[in-house]
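Step one of this worksheet: look at the structure below.
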Protein chains: 2
Amino acid sequence: MVKTKKLSKRELILTEAAKLFKDRGYGGTSMRDLAGQVGMEAASMYNHIKAKDEILASICFRISGLYISQLGEISATEASYGDKIKALIRLHIRLMVEDGPAVSVANHDWKYLPEPKLGEFKQARKTYEKGFAALIEAGIAAGEFQPVNVSVALFTILSAVRWIELWFRPGRELSAEELEANIITVLLNGLERK
Amino acid sequence: MVKTKKLSKRELILTEAAKLFKDRGYGGTSMRDLAGQVGMEAASMYNHIKAKDEILASICFRISGLYISQLGEISATEASYGDKIKALIRLHIRLMVEDGPAVSVANHDWKYLPEPKLGEFKQARKTYEKGFAALIEAGIAAGEFQPVNVSVALFTILSAVRWIELWFRPGRELSAEELEANIITVLLNGLERK
DNA sequence: ACTGAAAACTAACTAATGTTCGTTACCCTT
DNA sequence: AAGGGTAACGAACATTAGTTAGTTTTCAGT
């Protein structure tokens, strides 16, 4: 089991890096900080990773890949558009709760990717947003949703779930399931009673 | 007019700093970068500001002060709770459109404030959120809103408007007024038709 | 025109950054 | 027991960071 050990050390670095990047930002995290958290010297980490920005890229693209593949699966189901949107909202919340630091990094620090990777990541994001928007548009065309501007609806939904990381502490006052139910209520039914 | 000139140079620095901080982040912006944008040498800026983090603090507290004072005014009116929430949403959108870079910095880079200031800023934010939440809670108690979790509603609304900066380009396809109307529709009435 | 302050400049300092180098310890296979 | 590759290390590299010191320029008020 040679590969296993190698990968697990590397993934330890990636995991700890995501936590630190989330807290202090990419630029605010030094390789020595990260090494201290991992439990080795900064130089030693270069046996497992190629460069600091490769760490960032690994985190970002793992998350974007997850989102895009899940979007494909959900789109392909036979559910109503409302249920598809709900499933996507649940996906975002679940990933945020389970993989919080990495999602946070992919949302905030992607802009520090060096240029070949930066363009690829932007494109991946655009791909995801286009797929999400297509569902909203189809839902409006089917009379299932209100005839609202598609971009506004898309980003209102996306942003509403991206900020969960900032205040949600699982088990404190609110469970993940209650969180899902409440957010879906607000976004799909609106705040006002009718 | 001695004071006027002094203030305008300082404010030029603050304005350009907000733009750079928004694009490259606080840590990703060097004093030499900023000086180049302002049109002077890095050392020269220290005739107008005390330190780099003082720039960050000025930007953050100016924005937080704006939000808190406006919240006070809106809370004191005699409108319905729905109209108060709408007014707050419009406030967020207007500030984002008119003062975009500074709002963006106050939303993303506040965590790099050094420790005495950091605590103050956190408290200011909490003050604002408490005031906002009180309006939602009162609206629910009055039967005007759905009995949803107050924190969830609060942060869903707050986050929905914070991301405008990322994709909204005024005059392109959508005006600020249409933006307001659409966001309010989604948040207050929900996406689904009923 | 003179003066004194405000504000610009050049140069430099210290600290910290990402990364590389050469070497050493470890450990699995033979 | 020996060999060889993996992964750890300490030291050092060049670069860049924020900031300060000292000096010169600009310019409004007398």
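Fair warning: this is a prediction, and the values are worked out from it, not measured in the lab. Per chain, numbering begins at 1; letters A, B, ... match sequence-line order.
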Exercise. Between A:Ser44 and D:dA7, does any side-chain N or O lie under 4.0 Å from OP1 or OP2?
Worked result: no
For this session: Examine B:Tyr26 together with B:His108 and report whether their ring centres are nearer than 6.0 Å.
Result: no
Exercise. Looking only at heavy atoms, what is the nearest atom pair of A:Leu135 and A:Tyr81, with distance?
Worked result: O-CD2, 3.8 Å
Problem set entry | D:dT6 OP1/OP2 closer than 4.0 Å to side-chain N/O of A:His48 | no
Problem set entry | Any residue of residues 22-41 of chain B with a heavy atom less than 4.0 Å from an atom of DNA chain C | B:Arg32, B:Met40, B:Glu41
For this session: Would you mind reading off the distance between B:Lys52 atom NZ and D:dT20 atom P, rounded to a whole angstrom?
Result: 14 Å
Exercise. Contact class for B:Ala51 vs. all strands (heavy atom < 4.0 Å): base, sugar-phosphate, or nothing?
Worked result: sugar-phosphate
For this session: Whole angstrom is fine here: how far is it from OH in B:Tyr112 over to C1' in D:dA17?
Result: 16 Å
Exercise. Taking NZ, NE, NH1 and NH2 as the nitrogens, is one of them in B:Glu16 or B:Lys19 under 4.0 Å from a carboxylate oxygen of the other?
Worked result: yes
Problem set entry | Stepwise side chain to side chain contact (heavy atoms under 4.5 Å, CB included) test for A:Ile183 and A:Ile164 | CA-CA 10 Å; A:Ile183 288 185; A:Ile164 291 171; 3.9 Å; yes
For this session: Could you tell me whether a side-chain N or O of A:Tyr112 sits under 3.5 Å from a main-chain N or O of B:Arg24, the two making a donor and an acceptor?
Result: yes
Seminar exercise, completed: Rounded to whole Å, CD1 of B:Ile49 lies from P of C:dA6 at a distance of 17 Å
Seminar exercise, completed: note: A:Leu56, atom CG; C:dG18, atom C1'; distance rounded to Å ~ 14 Å
Exercise. What are the two closest heavy atoms between A:Ile59 and A:Phe21, and how far apart are they?
Worked result: CD1-CD1, 4.2 Å
Problem set entry | Integer-rounded Å distance: D:dT19 P and B:Asn47 CG | 14 Å
Exercise. Sub-3.5 Å donor-acceptor pair from the side chain of A:Asp99 to the main-chain atoms of A:Leu95, do we have one?
Worked result: no
Exercise. Given atom CG of A:Leu20 and atom C1' of C:dG18, what is their separation to the nearest angstrom?
Worked result: 16 Å
Exercise. Between B:Glu165 and B:Val103, is a side chain to side chain contact (heavy atoms under 4.5 Å, CB included) present by the stated rule, with each step listed?
Worked result: CA-CA 9 Å; B:Glu165 42 150 327; B:Val103 172; over 6 Å; no
For this session: Anything under 30° is parallel, anything over 60° is perpendicular, the rest tilted; go ahead and classify B:His92 against B:Tyr128.
Result: tilted
For this session: Take the protein atom OH of A:Tyr46 and the nucleotide atom C1' of C:dG22, then report the distance between them rounded to whole Å.
Result: 17 Å
Please write out each protein N/O paired with an N/O of nucleotides 3-5 of chain D under 3.5 Å, distance rounded to 0.1 Å.
none

Exercise. Atom CZ of B:Arg10 and atom C1' of C:dA6: how far apart are they, to the nearest Å?
Worked result: 16 Å
For this session: Ignoring backbone atoms, establish whether B:Lys9 has a side-chain N or O less than 4.0 Å from OP1 or OP2 of C:dA8.
Result: yes
